[in-house]
Amino acid sequence: MKTKNGYPVYPLTVAQKFHLYYLAFCPKKEVLNIGTSVTIQVEIDWDELRRAIYKAYERNESMRLRFVQDEEGNYFQYIVDKEDRGIDFVDFSHGTMEEAEEEMRKWTRVPFSHEDSPLNRVVMIAMPDGYNGIYLSGDHMIMDAQALIGFMKDVVELYCNAKYEGVPYPADRASYIEQLQKDLAYEAGCKAKDRDDEYFHKLIESSEPIFNGLHGPAELEQARVKFKDPNLRAVINVSDSVDGAIDIFHLEEEPTKRLMDFCKENRISLATLLLMGLRTYFQKMNGNDDVSMNMAIARRATLKEKNCGGTRIHSFPLRTIIPEERTFIEGIRIVRDTQNEMFLHANYDPVEYFSYRAKTYPAPKGVTYEPISLTYQPLTSKENGLGLDKLGDIPYKTKWYSNGATTQAMYLTVMHRPEDNGLDFNFEHQVRAVSRKELEYLYYYLCKIMFKGIENPNLTIGEIIRLV
């Protein structure tokens, strides 16, 4: 397929195909949806906001994506010249916050058609708490969280430029097609891809990981009995239902600042500290020095990659073997160095990774070594916010909505709250695999471990495990 409706047509990228890979196993197609709202505590000129949304569509190529299938059922993508569909306004101001948020959760649970149709929806909203703004949902195959935040930021900055004196016009967005072509060129074969193949094959072949359970080794022991294999190192840790929910735990501004200050002083990212905290929790519960967790990599190192929109996330297991005799700060450096090594090879196909691992270590279908996945979103912090700092200290809120389905037992996304820059720990989970009470337990010990570690970075991991 070369063209559709006169537009050039392109194959899907590996990042997009990854979503199709797990979609095939999920009866709820809304599993691909992400939804959020941003609202500010000012009166809104709705006509001007509508113009800003249309202008943002014009500036963001990936928001005008369409999918189309050929006769064999293979998906392709193309970009239409403009979005001229209507943009709805919904007035929630006479109801309750609970009613408004439930309605937006319902919107987030409506799957998008992959048959030559728009793959996102924007609604202007007036809320009961006096805040006003927009709701945005989209298909994960055309946007990840960074793309969604980038589009929201563009709308806000365009609106503020039109409404307020002295607010600069936002910088141009980068071309989605340009980055798409680079990804496709890599996937077609090159020296960098050969190096990535070699790196991951060696990494996988080095030794087999082992599953660490939320409450200890019981899950693994049960799997060994079930599959009659005393040497089994993986389990099926999902339930028979993909029904999902998001449970959120809030860390206040002051303790969040302590975490961020430690990261700044030690030149590490918060993602590294979170990974160290999580792996230490699983090390404590299971008595294993060997811990593996899934880590999302945004693949947005360059300015063009940051601003091109689309979906660019690749996810790989981050496996570290850190003896209890090592200090907390030494463990952090091992996690950081392992992350940095993987970042260099992050264009590799995650589906190929899991396929090669399954061939290297044959095991029952559907098993995994990773109990949890982690994403950290630095773009949600005040410093990287939505451009409202140019207008002074205007209060604003963001809210993420569950699509009601997930193919993973636990997926933790950590974001900043714009109100106070504190952290929200968003646990998306299968409700029949993990309960809120279990997540509360994990969150409690994760925080205890991180704070004990940053206050006493030269304590050994074993000492921290015993102290918490």
Write down the atom of Glu305, the atom of Arg312, and the distance for their closest heavy-atom approach. OE2-NH2, 3.7 Å
Do Trp107 and Leu136 come close enough that some side-chain heavy atom pair is under 4.5 Å? no
Passing candidate, side-chain hydrogen bond (donor to acceptor under 3.5 Å, both in side chains) with Arg279, options Asp290, Asn288, Asp289, Thr320: Thr320
CD1 of Ile79 to CD of Glu61: how many Å apart, nearest 0.5 Å? 4.5 Å
Is the shortest side-chain heavy-atom distance between Asn294 and Leu374 below 4.5 Å? no
If I take atom CG from residue Leu275 and atom OG1 from residue Thr338, how far apart are they, to the nearest 0.5 angstrom? 10.0 Å
Begin from the C-alpha positions of His416 and Tyr376 and carry the test ring pair (Phe, Tyr, Trp, His ring centres under 6.0 Å) through to its verdict. CA-CA 9 Å; His416 292 270; Tyr376 166 57; 5.8 Å; yes
Check for a donor-acceptor pair, side chain of Lys437 on one end and backbone N or O of Val434 on the other, with a separation under 3.5 Å. no
Are Glu438 and His429 linked by a side-chain donor-acceptor pair shorter than 3.5 Å? no
Kindly say whether Pro11 contributes a backbone atom to a donor-acceptor pair with the side chain of Gln77 at under 3.5 angstrom? yes
Do Thr272 and Gln339 have a side chain donor and acceptor closer than 3.5 Å? yes
Over all atoms of both residues, closest heavy-atom pair of Arg326 and Glu330: NE-OE1, 3.3 Å
Is it true that a side-chain atom of Asn212 and a backbone atom of Asn286 form a donor plus acceptor pair closer than 3.5 Å? no
Would you say that Tyr369 contacts Glu208 through its side chain, given a criterion of any heavy-atom pair below 4.5 Å between the two side chains? yes
Less than 4.0 Å between a side-chain N and a carboxylate O, is that true for Arg333 and Asp337? no
From CA spacing to verdict: salt bridge (Lys or Arg N to Asp or Glu O under 4.0 Å), Asp349, Lys17: CA-CA 9 Å; Asp349 182 349; Lys17 289 175 184 173; over 6 Å; no
Evaluate the salt bridge (Lys or Arg N to Asp or Glu O under 4.0 Å) criterion for residues Asp229 and Arg224: first the C-alpha distance (whole Å), next the side-chain angles of each, then the deciding distance (0.1 Å), finally the verdict. CA-CA 5 Å; Asp229 181 354; Arg224 286 171 172 172; over 6 Å; no
Can you check whether Thr13 reaches Glu187 side chain to side chain, under 4.5 Å on heavy atoms? yes
Tightest non-hydrogen contact, residues Tyr361 and Ser207, listed as OH-C, 3.0 Å
For the residue pair His201 and Tyr353, is the inter-centroid distance of their aromatic rings smaller than 6.0 Å? no
Spacing of CD belonging to Glu101 relative to CD belonging to Glu103, to within rounding of 0.5 Å: 12.0 Å
Whether the side chain of Lys452 engages the backbone of Val468 through a donor-acceptor N/O pair (distance < 3.5 Å, no angle test) should be reported. no
Can any side-chain N or O of Asn33 pair as donor or acceptor with the backbone N or O of Val110 at less than 3.5 Å? yes
Would you sort out whether Glu198 and Lys202 count as a salt bridge (Lys or Arg N to Asp or Glu O under 4.0 Å), showing the intermediate values? CA-CA 6 Å; Glu198 183 182 3; Lys202 278 186 179 177; 3.5 Å; yes
Testing the basics here: between Ile297 and Ala346, what is the closest heavy-atom pair and its distance to 0.1 Å? CG2-CB, 3.7 Å
Beyond-backbone contact of Glu463 with Phe328, side-chain heavy atoms, under 4.5 angstrom: no
Under a 3.5 Å threshold, yes or no: a donor from one side chain and an acceptor from the other, between Tyr135 and Thr39? no
List the atom of Gly244, the atom of Thr406, and the distance in Å for their closest heavy-atom pair. CA-CG2, 4.0 Å
Going through the distances and angles, do Arg432 and Asp240 end up as a salt bridge (Lys or Arg N to Asp or Glu O under 4.0 Å)? CA-CA 8 Å; Arg432 286 173 62 173; Asp240 57 359; 3.0 Å; yes
Within a 6.0 Å radius of atom NZ on Lys448, are there more than 12 heavy atoms belonging to other residues, nucleotides or ligands? yes
For Gln408 and Ser373, which I'm curious about, is there any donor-acceptor pair between the side chains at under 3.5 Å? yes
In Å, rounded to the nearest 0.5 Å, how long is the span from NZ of Lys182 to NZ of Lys304? 5.5 Å
Which of Thr375, Ile149, Ile313 passes side chain to side chain contact (heavy atoms under 4.5 Å, CB included) with Asp144? Answer is Ile313
Ion pair Lys257/Glu253, N-O distance below 4.0 Å: no
Regarding Arg417 and Asp420, does a basic nitrogen lie under 4.0 Å from an acidic carboxylate oxygen? yes
Qualifying ring-ring contact (aromatic ring centres under 6.0 Å, His included) pairs, either residue in residues 443-468, two or more places apart: Phe249-Tyr443, Phe425-Tyr443, Tyr441-Tyr445
Could you tell me whether a side-chain N or O of Arg299 sits under 3.5 Å from a main-chain N or O of His314, the two making a donor and an acceptor? no
Please check if any side-chain donor atom of Thr460 sits under 3.5 Å from a side-chain acceptor atom of Glu325, or the reverse. no
Can you check whether Asn458's main-chain N or O pairs, donor with acceptor, with Asn456's side chain at less than 3.5 Å? no
I need the Leu214 CG to Ile372 CD1 distance, nearest 0.5 Å. 8.0 Å
If you measure only the distance, is there a donor-acceptor pair under 3.5 Å linking the side chains of Asn426 and Tyr411? no
Between Lys306 and Arg300, is there a donor-acceptor pair closer than 3.5 Å when you use the side chain of the first and the backbone of the second? yes
Thr360 side-chain N/O to Tyr356 backbone N/O, donor-acceptor pair under 3.5 Å: yes
Regarding Arg173 and Asn60, do their side chains bring together a donor and an acceptor under 3.5 Å, going by distance alone? yes
Return yes if a side-chain donor-acceptor contact under 3.5 Å exists between Glu102 and Tyr401, otherwise no. no
Separation between CH2 (Trp400) and OG1 (Thr36), nearest 0.5 Å, reads 4.5 Å
Considering non-hydrogen atoms only, spot the tightest contact between Arg357 and Pro209 and give its length. NH1-CG, 4.0 Å
Does the side chain of Asp116 come under 3.5 Å of the side chain of Tyr78 through a donor N or O and an acceptor N or O? yes
Taking the six-membered ring where the residue is Trp, are the ring centres of Phe316 and Phe200 under 6.0 Å apart? yes
Kindly say whether His140 contributes a backbone atom to a donor-acceptor pair with the side chain of Thr311 at under 3.5 angstrom? yes
Looking at Glu254 and Arg258, is any side-chain nitrogen of the basic one under 4.0 Å from a carboxylate oxygen of the acidic one? yes
Should Leu119 and Met141 count as side-chain neighbours, where that means a heavy-atom distance under 4.5 Å? no
May I ask you to check whether Asp139 and His114 show a side-chain donor-acceptor distance below 3.5 Å? yes
Determine whether Leu467 and Leu459 make a side-chain contact, defined as any pair of heavy atoms from C-beta on separated by less than 4.5 Å. yes
Quick one, Asp196 with Tyr186, criterion side chain to side chain donor-acceptor pair (under 3.5 Å). Give me CA distance, side-chain angles, the key distance, then yes/no. CA-CA 11 Å; Asp196 297 343; Tyr186 166 89; 2.6 Å; yes
